[in-house]
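By convention here, the first residue in the shown sequence is residue 1. Note that the structure is predicted; figures quoted are calculated from it, not measured. No hydrogens, no waters, no symmetry mates; every other heavy atom, side chains included, goes into these values.
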Amino acid sequence: MMRAHLQRLAAALNDVLREEEGFTLWLEAERTDFVRFNHGKVRQAGGVEQAYLDLRLIRGKRQATQQLSLCGGDDDLALLEASLPALREALEQVEDDPFLLLSEQPNSTERIASGALPSAETMAADILAAAEGLDLVGILACGEMSFGFANHLGQFNWQQGESWNFDWSLYSHGDKAVKRSQAGSVWDAGAIRRGIAEAAEQLALLKLPLKTLEPGEYRAYFTPTALGSLLSMLNWGGLSEKEARAKRSPLLKLVDGEAKLSPRVSLAEAAGEGLSPLFQAEGFIRPERVDLIAGGAHQNSLIGPRSAREFGLEPNAGADEYAESMQLAPGELPRDEALKALGTGVYLSNLWYLNFSDRAACRVTGMTRFACFWVENGKIASPLGVMRFDDSLYSLLGEQLEALTAERELLVDAGSYGGRATQSKLLPGALVKSLRFSL
């Protein structure tokens, strides 16, 4: 229904445009069920149905935008038309935008994934059965998300699909817990059972005496979640064309060819396999795949429309120039053999409070969190005390990278501020020869 509604709004807006005016419409809509768990029981359940429309009015190189909340009925047309006087007045006040770039060649697309999710009640029942007797806390978000674009040139794009994201922890005692997240577009009760069972095994290990390490360098295994925290730092300007041109990119040495990562590192923006739409707010179609790093060498940057206009390039990303559907190629290390390959060192499940300690050197600092362990001779020996690491990603993803796992995990942003997030990462685990702990 919302797809047809957006088409009607676009047609009606075309009828009331003045000469030399243009428009774009950008729609984000969702029907989401939220289920909150605590102490292994459902504590809160509810649903959200919402649709927000960004109306951009254009005249020449001037633009003004207003966001509207839609009800899906006839009142939306009146709301749309009532917004035009204020937008026209704003166009009189703003200056020309020299870097405004909008798609001028209509390219309509449609991508609708068939519904494959059971009800939220069924999912919650599967979770409760798997977590029986455990202190599980978390939130399940599931349902349909839709994205749409239309403009005065007749272009129309639509993407619609269902997905779920379960962000959860098993609590042990004090500040000790095992944190996990699972997500997908097809519900897998078996994967939920296996994930909770694995976390329960680690939960028992958290009751062992704590191991305190001295600052220094140690072999380390990063789970996909922990590795995702490191790669999120690369996504903070490191993959952006504008940041590279401005000499602010933490990967500037890689972009300039002065440095390389390990040949094992091949990083891509795989929009065709992610949850984010394959089109963006200026009307350009995003490539299904952009190879960013291949064999440790820089291949491409993410280019938003404004950067494309400024530097004479073709856009391949949204305005913020960050990866929305990041994928790191797998390696050859079986996940079940990661501890054996680690031998003696640290097993890192989660990291937090990450920041650059030296942005130009791509040096990152952060803290260990939740279920991190000390491993001896391929077996977990004790939980690890909280430590601070400080090391360069040129090193961790370069000469120190020993192996990547053959299996990968899908990690989806659990954010729901204003609407469910769609950013995702498909990542292996990583074994490194040396990680430097500073505190």
Point to revise | Residues W158, I112; criterion side-chain contact (heavy atoms from CB on, under 4.5 Å); working and verdict | key: CA-CA 8 Å; W158 187 256; I112 300 178; 4.0 Å; yes

Point to revise | Other residues, nucleotides, ligands: >12 heavy atoms within 6.0 Å of R36 CZ | key: no

Check your understanding: Is a side-chain donor or acceptor of N157 paired with a backbone partner of N107 at a separation under 3.5 angstrom?
Key -> yes

Check your understanding: Hey, does the side chain of N235 reach the backbone of A323 with a donor-acceptor pair shorter than 3.5 angstrom?
Key -> yes

Practice item. Please determine if E402 and R219 form a salt bridge, counting it only when a charged side-chain N lies under 4.0 Å from a carboxylate O. Key: yes

Exercise for review: Evaluate side-chain contact (heavy atoms from CB on, under 4.5 Å) for F373 paired with L205, printing each intermediate quantity in order.
Suggested key: CA-CA 9 Å; F373 297 99; L205 295 171; 3.7 Å; yes

Review point. Does a side-chain heavy-atom distance below 4.5 Å link Q400 with R436?
Key: no

Review point. Between the side chain of S325 and the main-chain N/O of E269, is any donor-acceptor distance below 3.5 Å?
Key: no

Check your understanding: Which atom names give the shortest non-hydrogen contact between A259 and L254, and what distance separates them?
Key -> O-CD1, 3.3 Å

Review point. Distance-only, no hydrogens or angles: does the D96 side chain make a donor-acceptor pair with backbone N or O of P98 under 3.5 Å?
Key: no

Review point. Taking only residues two or more places apart in sequence, or in another chain, which ones meet Y353 in a side chain to side chain contact (heavy atoms under 4.5 Å, CB included)?
Key: M367

Exercise for review: For Y218 and W374, run side-chain contact (heavy atoms from CB on, under 4.5 Å): C-alpha distance rounded to whole Å, both residues' side-chain angles, the deciding distance at 0.1 Å, then the answer.
Suggested key: CA-CA 10 Å; Y218 298 88; W374 175 249; 3.9 Å; yes

Study note, to complete from the structure: Here the salt bridge (Lys or Arg N to Asp or Glu O under 4.0 Å) pairs for residues 391-401, sequence neighbours left out, are none

**Study point:** Check: L6 and L53 side chains under 4.5 Å, non-hydrogen atoms
**Key:** yes

Review point. Where do P250 and G237 come nearest, in terms of heavy atoms and distance?
Key: CD-C, 3.9 Å

Study note, to complete from the structure: side chain to side chain donor-acceptor pair (under 3.5 Å) pairs touching residues 134-143, sequence neighbours excluded, are H39-D135

Check your understanding: Taking only residues two or more places apart in sequence or in another chain, which ones pass side chain to side chain contact (heavy atoms under 4.5 Å, CB included) with E49?
Key -> R31

Check your understanding: Is it the case that R56 and T24 place a side-chain donor and acceptor less than 3.5 Å from each other?
Key -> yes

Revision key, fill the gap. Closest non-hydrogen contact found for A51 with L27 is CB-CD1, 4.2 Å

Side-chain donor-acceptor pairs under 3.5 Å in residues 181-190, sequence neighbours left out?
unit_1: Q182; atom_1: OE1; unit_2: W168; atom_2: NE1; d: 3.2
unit_1: Q182; atom_1: NE2; unit_2: A191; atom_2: O; d: 2.9
unit_1: W187; atom_1: NE1; unit_2: D126; atom_2: OD2; d: 2.8
unit_1: D188; atom_1: OD1; unit_2: G190; atom_2: N; d: 3.1
unit_1: D188; atom_1: OD1; unit_2: A191; atom_2: N; d: 3.1

Throw together a table of side-chain donor-acceptor distances under 3.5 angstrom for residues 297-304, partners on residues two or more places apart or in other chains.
unit_1: H298; atom_1: NE2; unit_2: N300; atom_2: O; d: 3.2
unit_1: H298; atom_1: NE2; unit_2: S301; atom_2: OG; d: 3.2
unit_1: N300; atom_1: ND2; unit_2: D291; atom_2: O; d: 2.8

Exercise for review: Could you name each residue pair satisfying salt bridge (Lys or Arg N to Asp or Glu O under 4.0 Å) that touches residues 304-313, not counting sequence neighbours?
Suggested key: D97-R306, K242-E310

**Study point:** Donor-acceptor pair, side chain of E28 and main chain of S146, under 3.5 angstrom
**Key:** no

Exercise for review: May I ask you to check whether over 12 heavy atoms, not counting those of N377, lie within 6.0 Å of atom CG?
Suggested key: no

Practice item. For F356, look at atom CZ and say whether over 12 heavy atoms of other residues, nucleotides or ligands are found less than 6.0 Å away. Key: yes

Practice item. Give a yes or no on whether E258 atom CD has more than 12 heavy-atom contacts from other residues, nucleotides or ligands under 6.0 Å away. Key: yes

Check your understanding: Which pairs, with at least one residue in residues 242-290 and sequence neighbours excluded, count as a ring-ring contact (aromatic ring centres under 6.0 Å, His included)?
Key -> W26-F279

Review point. Between the main-chain N or O of G295 and the side-chain N or O of S266, is there a donor-acceptor pair closer than 3.5 Å?
Key: yes

Review point. Any side-chain heavy atom of Q159 within less than 4.5 Å of one from L278?
Key: yes

Point to revise | Pi-cation contact, F311 with R245 (under 6.0 Å, within 45°) | key: yes

Point to revise | Sequence neighbours excluded - salt bridge (Lys or Arg N to Asp or Glu O under 4.0 Å) pairs with any residue from residues 159-186 | key: D167-K179, R180-E198

**Study point:** Those residues that, when tested against E121, pass side chain to side chain contact (heavy atoms under 4.5 Å, CB included) (two or more places apart)
**Key:** S119

**Study point:** Residue pairs passing the salt bridge (Lys or Arg N to Asp or Glu O under 4.0 Å) test where at least one lies in residues 99-113, sequence neighbours excluded
**Key:** R3-E110

Review point. Sequence neighbours excluded, which residues qualify as side chain to side chain contact (heavy atoms under 4.5 Å, CB included) partners of A406?
Key: none

Review point. Are the side chain of Q280 and the backbone of E282 linked by a donor-acceptor contact shorter than 3.5 Å?
Key: yes

Point to revise | side-chain contact (heavy atoms from CB on, under 4.5 Å) assessment of W236 paired with E243 | key: CA-CA 10 Å; W236 186 4; E243 291 298 290; over 6 Å; no

